[in-house]
Amino acid sequence: MTYALFLGCTIPARSRNYELSARKVAQQLGIELVDMNDFVCCGFPLKSADMDAAERMAAYNLSLAQKQNLDICALCSSCTSALAETAHHLSQDDGRRALVNEQLSKVGAVYQGDIRVRHFARILLEEVGAERIRSHLHKDLSDLTIAVHYGCHYLKPSAVHNHFDDVEDPRSLDTLIGLTGAKVIDYPGRRNCCGGPLLPVEEALAASVSKEKLDAVKEAGADAICLVCPFCAVMYDGNQKSIESQYGVEYGLPVLYLTQLLGVAMGFDRKELGLNMNVVKTKALLKRYFE
Amino acid sequence: MTEIDVNKTDPYFARDIMNQPGGEKIWACFSCRTCTASCPIAAINHTFNPARIIRMALYGLKQDILRSDFIWFCSNCYACQERCPQGVRITDIMTLLKNMAIQGGYMPSGIKSQMDIIKGEGRIYPIDDFDNKKRAKAGLPPLPTSCEVVKALFS
């Protein structure tokens, strides 16, 4: 099982905890992730300004993976969606692919149109499988109560993700978290957006979208939020303190990447999983698993 | 909104949207408002209302849409598009409208600076030597600190 690793922009600069823990989990499960230094931005942040430019960047990345004859594994949900969307459109529309290739020829690249793009969590579920993952989990996390945040682009638009999970009642992450023994609880607004894409437009609106979910998760009695996207983590982990001070509330709600949670159950130590880099402290919550 | 002045509408606006990828089915909207009911932004900010924007587009209210602040409040979450019973690609239409606004010279400064950085550096958060030092310390491989290919890609 070998994939070209698509890190994107946010993860290597701001979410090294995600990168570290994903690499550890992949290694443990025998997923080979090939580093591709030539990858550029996935194009997602350009979409609202210039769709053609965004598609061109995504197609360039797809062409690099094709050169290595590798499918793509992305850790960020927005990267997954932007690349999968372009792969989807270009596989169906020869005319559009020819136009994109005209642009790519300026840098000597060409995209033939048959690269698969998968989020890391989807690979865990569909290709590694629950049984094999379970055989690598040595610690029982049944003392933890987790609220899962699916976010948007991990699942949507569903057509470009082959409808692999039900967007109205997603369960794939519940299943993966459940393997650790942790209890996954429901809460109002479970499917809602984190508000991240609004940050460059109107910070206050973005914060109020995040606050809705933090309120609901706290109210439901979760010990932590578990997620699979660095944008969402910026909103709930990175910005949690500022939301607390803006609204005069207190959450103190740790935010864990799925790969960190699986990594804890696999027996990796705090530093190996980058848990020291999470903004909201995780030490008290996870202390019992590191003794 | 005030009364619609037909002399200020653009009768070809909806057709222009329809002729672009994602906009094809805008005519199929039958105003059920499932989109607005599903929208997490509309739930907390009443200036954003996707059903209203689709209706305005069909009425040809081009300038009212493209010069507005509200189109930028779409967070691209696809909740509306997934549920539209008529298959209108509402989220994709919001993206199209933002693109058209920019072509008409209206762009929030945050969006502009993001675009300039990506087209110049190849990534939103360019990697410098300090980042690579931090990566090395965490046991992660180094990444390139410059990107020539994007300049050629956008030349």
Side-chain angles (χ1 to χ4, degrees), chain A residues 7-10 12-14 16 19-20 23 35 37-38 40-41 43-53 56-57 60 78 89 93 96 103-104 106-107 109 151-153 155-158 167-168 189 191-202 205-206 208-209 212 271-272 274 277, chain B residues 20-22 40-41 43-45 48 69 71-79 81-83 89 91-92 94-96 98-99 101-103 107-115 117-119 121-127 131 134-135 138-144 147-150 152-155:
Chain A
L7 281 173
C9 306
T10 309
R14 291 184 149 197
R16 289 184 299 275
E19 184 180 344
L20 272 169
R23 285 180 190 271
D35 282 292
N37 271 351
D38 295 338
V40 295
C41 168
F44 174 77
L46 274 182
K47 243 175 106 177
S48 62
D50 186 344
M51 284 161 61
D52 290 341
R56 201 180 306 168
M57 287 194 95
Y60 176 68
S78 294
H89 290 153
D93 188 339
R96 193 155 161 185
Q103 296 293 333
L104 294 189
K106 289 196 275 192
V107 294
C152 305
H153 301 129
L155 302 164
K156 298 179 281 186
S158 57
V167 294
E168 294 298 339
R191 292 164 302 193
N192 281 358
C193 173
C194 69
L198 297 177
L199 270 184
V201 178
E202 184 146 331
L205 182 57
S208 64
V209 176
E212 293 261 307
K271 265 199 140 165
E272 284 177 307
M277 298 177 205
Chain B
Q20 296 186 60
I41 310 302
I44 55 173
N45 185 313
F48 185 72
D69 290 333
I71 48 168
W72 298 96
F73 293 169
C74 168
S75 76
N76 201 249
C77 79
Y78 287 100
Q81 185 161 317
E82 291 290 336
R83 288 183 182 170
R89 282 162 61 183
T91 314
D92 293 338
M94 294 304 152
T95 304
L96 269 176
K98 291 172 190 173
N99 276 227
I102 284 173
Q103 286 154 18
M107 168 151 42
S109 58
I111 299 286
K112 178 162 185 359
S113 55
Q114 216 171 50
M115 182 170 83
I117 293 172
I118 295 171
K119 286 189 176 175
E121 307 280 348
R123 24 174 92 239
I124 328 177
Y125 302 115
I127 298 286
D131 288 311
K134 283 193 282 191
R135 290 181 59 78
L140 295 169
L143 285 166
C147 180
E148 289 309 313
V149 75
V150 283
L153 214 48
F154 293 117
S155 63

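Letters A, B, ... mirror the listed sequences (proteins, then strands); counts begin at 1. Computed from a predicted structure; not experimentally measured.
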Check: How far apart are the closest heavy atoms of B:A152 and A:V107, and which atoms are they?
Finding: CB-CG1, 3.5 Å
Margin query: Let's test your reading of the structure: which of A:D38, A:L199, A:V167, A:D52 forms the most heavy-atom pairs below 4.5 Å with chain B?
Written below: A:V167
Check: What is the minimum heavy-atom distance between B:P142 and A:N37, and which atoms define it?
Finding: O-OD1, 3.8 Å
Next item on the list: Please indicate whether B:D69 has more than 12 foreign heavy atoms, meaning atoms of other residues, nucleotides or ligands, lying under 6.0 Å from its CG.
Entry: no
Check: chain B: which of A:L46, A:L7, A:L104 shares the most heavy-atom pairs with it under 4.5 Å?
Finding: A:L46
Next item on the list: Determine the option with the most heavy-atom pairs under 4.5 angstrom with chain B, choosing from A:P197, A:G189, A:P45, A:G43.
Entry: A:P45
Check: Heavy-atom distance under 4.5 Å between the side chains of A:K106 and B:F154, does that happen here?
Finding: no
Item checked: 4.5 Å side-chain heavy-atom contact, B:T91 and A:P157 -> no
Margin query: Between B:E148, B:M94, B:M115, B:R83, who has the most heavy-atom pairs with chain A when the cutoff is under 4.5 Å?
Written below: B:R83
Notebook entry, point to check: Which atom pair, heavy atoms only, marks the closest approach of A:L20 to B:A138?
Noted result: CD2-O, 3.2 Å
Margin query: A:S78: which residues meet the side-chain hydrogen bond (donor to acceptor under 3.5 Å, both in side chains) condition with it, sequence neighbours left out?
Written below: A:H153
Notebook entry, point to check: So among B:K98, B:M107, B:Q114, which one has a side chain to side chain contact (heavy atoms under 4.5 Å, CB included) with A:S48?
Noted result: B:K98
Next item on the list: Find the distance between CZ (B:R135) and CD (A:E19) and round it off to the nearest 0.5 Å.
Entry: 4.0 Å
Checklist line | Side-chain heavy atoms of A:E202 within contact of B:W72, under 4.5 Å | finding: no
Margin query: I'd like to verify something: which residue of B:I71, B:I118, B:I111 has the highest number of heavy-atom pairs under 4.5 Å with chain A?
Written below: B:I118
Check: For the residue pair B:I102 and A:A49, what are the closest heavy atoms and their distance?
Finding: CD1-CA, 3.2 Å
Check: Who among A:R14, A:M277, A:Q103 has the most heavy-atom pairs with chain B under 4.5 Å?
Finding: A:R14
Checklist line | More than 12 heavy atoms from other groups under 6.0 Å of NZ on B:K134 | finding: yes
Next item on the list: Heavy-atom distances under 4.5 Å only: say whether B:L96 touches chain A with side chain, backbone, both or neither.
Entry: both
Item checked: A:R96 side chain near B:P21 side chain, heavy-atom distance below 4.5 Å -> yes
Item checked: Region of A:D35 that comes under 4.5 Å of a non-hydrogen atom in chain B -> side chain
Checklist line | Main-chain N/O of B:E82 paired to A:K156 side chain as donor or acceptor, under 3.5 Å | finding: no
Next item on the list: For B:K112, check side-chain hydrogen bond (donor to acceptor under 3.5 Å, both in side chains) against everything at least two apart and list the hits.
Entry: B:D116
Notebook entry, point to check: Checking B:N99 side chain against A:K47 main chain: does a donor-acceptor pair fall under 3.5 Å?
Noted result: yes
Checklist line | Shortest non-hydrogen contact from B:I44 toward A:S208 | finding: CD1-OG, 3.4 Å
Item checked: Side chain proximity check, B:Y78 to A:C152, heavy atoms < 4.5 angstrom -> no
Item checked: Side chains of A:L205 and B:F48 in contact at under 4.5 Å (non-hydrogen atoms) -> no
Note to self: With chain B as the partner, which of A:V209, A:N192, A:D50 has the greatest number of non-hydrogen pairs under 4.5 Å?
What the structure shows: A:D50
Item checked: When A:A109, A:A13, A:P12, A:C193 are compared by non-hydrogen pairs under 4.5 Å with chain B, the top option -> A:P12
Margin query: A:M51 vs B:D92, test: side chain to side chain contact (heavy atoms under 4.5 Å, CB included). Steps then yes/no.
Written below: CA-CA 10 Å; A:M51 284 161 61; B:D92 293 338; over 6 Å; no
Margin query: Please classify the contact of B:V149 with chain A as side chain, backbone, both or neither, using a heavy-atom distance under 4.5 Å.
Written below: both
Item checked: Nearest non-hydrogen partners of A:A53 and B:K119, listed with the distance -> CB-CE, 3.9 Å
Next item on the list: Under 4.5 Å heavy-atom distance to chain B, tell me which part of A:E272 shows up: side chain, backbone, both or neither.
Entry: neither
Check: Which bit of B:L140 is near chain A, if near means a heavy-atom gap under 4.5 Å: side chain, backbone, both or neither?
Finding: side chain
